[in-house]
Student: 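Pasting in a structure now, in structure tokens, and then I'll have a few things to ask.
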Amino acid sequence: MGDTKATLLDTRKTIPGLRVLEKYATRMGGATNHRMGLGDAAMNKDNHVAIAGGVGPALARAKAAGIASIICEVDHLDQIEPALEAGATHLLLDNMGPEMLARAVRQVAGRAPCEASGGVRLDTIAAIAASGVDYVSVGRLTQSAPAADIGLDFQEALAQQCTAAQLGELPKVSRP
């Protein structure tokens, strides 16, 4: 991400039961953890806005529930002002190219942190970070991490030491 001010974030998208480990791995790799769970912030996405009848009502529900951190997803520039006016404390700029991200950052003008999300790949991350966003979130840090090929192979000398006679000396298990 070069010399930009952008911080690389992971996402909540982890393998069930391995979130803490995967989040630890992303921290060790240089990313910053973002939202360990649903309770860390309200994230208003397009479906929430549609069901609530607009950005204003969706964010009003989150505020009424006493949620302090309200992230609002926007995928068009005309959604920025309504989200900020409704009380979004953080904007998730979804699937925008670098040019549109730069326009969004100028429009927000520091009123809320801006996070770029969606379409982030190795060949696009530098331009996305250079757009002026505060954060770049990448689900692939946890979703697409390659599995380690770990095997347990006995060496021949060790295998020869484990003779049938030695194995026969193991205690017998009584069966009912």
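Values below: every heavy atom of this structure, side chains too, minus hydrogens, waters and symmetry copies. By convention here, the first residue in the shown sequence is residue 1. A quick note: this is a predicted structure, and the numbers were derived from the prediction, not measured.
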Student: Using 0.5 Å steps for rounding, measure from the NE2 atom of H34 to the OG atom of S117.
Tutor: 8.5 Å

Student: So, R111 and E85, do they make that salt bridge, N to O below 4.0 Å?
Tutor: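 The answer is no: the pair does not qualify as a salt bridge.
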
Student: Between S69 and T89 (side chain of the first, backbone of the second, donor and acceptor by atom type, cut-off under 3.5 Å), is there such a pair?
Tutor: no

Student: Do M100 and H76 make a side-chain contact, defined as non-hydrogen atoms from C-beta onward lying under 4.5 Å apart?
Tutor: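 When only atoms from C-beta onward are counted, H76 and M100 do not touch, as no gap falls below 4.5 Å.
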
Student: Might you work through the side chain to side chain contact (heavy atoms under 4.5 Å, CB included) test for H90 and I70, ending with a clear yes or no?
Tutor: CA-CA 6 Å; H90 183 117; I70 302 172; over 6 Å; no

Student: Residues in side chain to side chain donor-acceptor pair (under 3.5 Å) with S131, at least two apart?
Tutor: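 With neighbours one apart ignored, the set is empty.
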
Student: Using side chain to side chain contact (heavy atoms under 4.5 Å, CB included) as the criterion, list what pairs up with A88, not counting sequence neighbours.
Tutor: L59, C72, A83, L91

Student: If Ile, Leu, Val, Met, Phe, Trp and Tyr residues are connected whenever their side-chain heavy atoms lie under 4.5 Å apart, and connections chain through other members, are V74 and V49 in the same group?
Tutor: no

Student: Looking only at heavy atoms, which two atoms of A41 and I67 are closest? And how far apart?
Tutor: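 Smallest heavy-atom distance, with atoms named: C-CG2, 4.5 Å.
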
Student: Heavy atoms only: give me the nearest L92-M43 pair and the separation to one decimal.
Tutor: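 Where L92 meets M43 most closely, the heavy atoms are CD2-SD, 4.2 Å.
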
Student: Applying a strict under-4.5 Å side-chain criterion to I, L, V, M, F, W and Y, I'd like to know whether V55 and L77 cluster together.
Tutor: no

Student: Could you see if V120 belongs to whatever hydrophobic cluster contains I71? Use Ile, Leu, Val, Met, Phe, Trp, Tyr and a side-chain cutoff under 4.5 Å.
Tutor: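 V120 does not cluster with I71.
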
Student: For Q79 and D75: C-alpha separation, side-chain torsions, deciding distance, then whether side chain to side chain contact (heavy atoms under 4.5 Å, CB included) applies.
Tutor: CA-CA 7 Å; Q79 296 170 321; D75 50 16; 2.9 Å; yes

Student: To the nearest 0.5 Å, what is the distance between OG1 on T7 and CG on L9?
Tutor: 6.5 Å

Student: Look up atom CZ in R61 and atom NE2 in H48, then write down how far apart they are to the nearest 0.5 Å.
Tutor: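 Atom-to-atom, R61:CZ and H48:NE2 are 10.5 Å apart.
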
Student: Assess whether side chain to side chain contact (heavy atoms under 4.5 Å, CB included) is satisfied between M96 and I128, documenting all intermediate values.
Tutor: CA-CA 9 Å; M96 294 183 181; I128 289 170; over 6 Å; no

Student: Check salt bridge (Lys or Arg N to Asp or Glu O under 4.0 Å) between D123 and all other residues, then give those that pass, not counting sequence neighbours.
Tutor: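 Partners of D123 under the salt bridge (Lys or Arg N to Asp or Glu O under 4.0 Å) test: R121.
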
Student: Set out, in order, the CA-CA distance, both residues' side-chain angles and the distance that settles side chain to side chain contact (heavy atoms under 4.5 Å, CB included) for V133 and E115, then state yes or no.
Tutor: CA-CA 6 Å; V133 294; E115 173 185 346; over 6 Å; no

Student: Are V105 and I125 joined in one hydrophobic group, where the rule is that I, L, V, M, F, W and Y side chains link up if heavy atoms are under 4.5 Å apart?
Tutor: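 Linked, V105 and I125 end up in one cluster.
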
Student: Which heavy atom in L84 sits nearest to a heavy atom in A112, and how many Å separate them?
Tutor: CD2-CB, 3.7 Å

Student: Hey, what do you get for CG (D94) to NZ (K45), rounding to the nearest 0.5 Å?
Tutor: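 Here the rounded value is 5.5 Å.
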
Student: Just wondering, do Y135 and C114 contact through their side chains at under 4.5 Å, heavy atoms?
Tutor: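 Not touching, per the 4.5 Å side-chain cut-off.
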
Student: Any chance you could measure S137, atom OG, to L8, atom CG, to the nearest 0.5 Å?
Tutor: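 Taking OG in S137 and CG in L8, the distance rounds to 8.5 Å.
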
Student: Say you draw a straight line from CD1 of I80 to CZ of R103; how long is it, rounded to the nearest 0.5 Å?
Tutor: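 Between atom CD1 of I80 and atom CZ of R103 there are 9.0 Å.
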
Student: Taking the side chain as every heavy atom from C-beta outward, state whether N44 and E73 have any pair of such atoms under 4.5 Å apart.
Tutor: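 They are not in contact (no side-chain heavy atoms under 4.5 Å apart), so the answer is no.
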
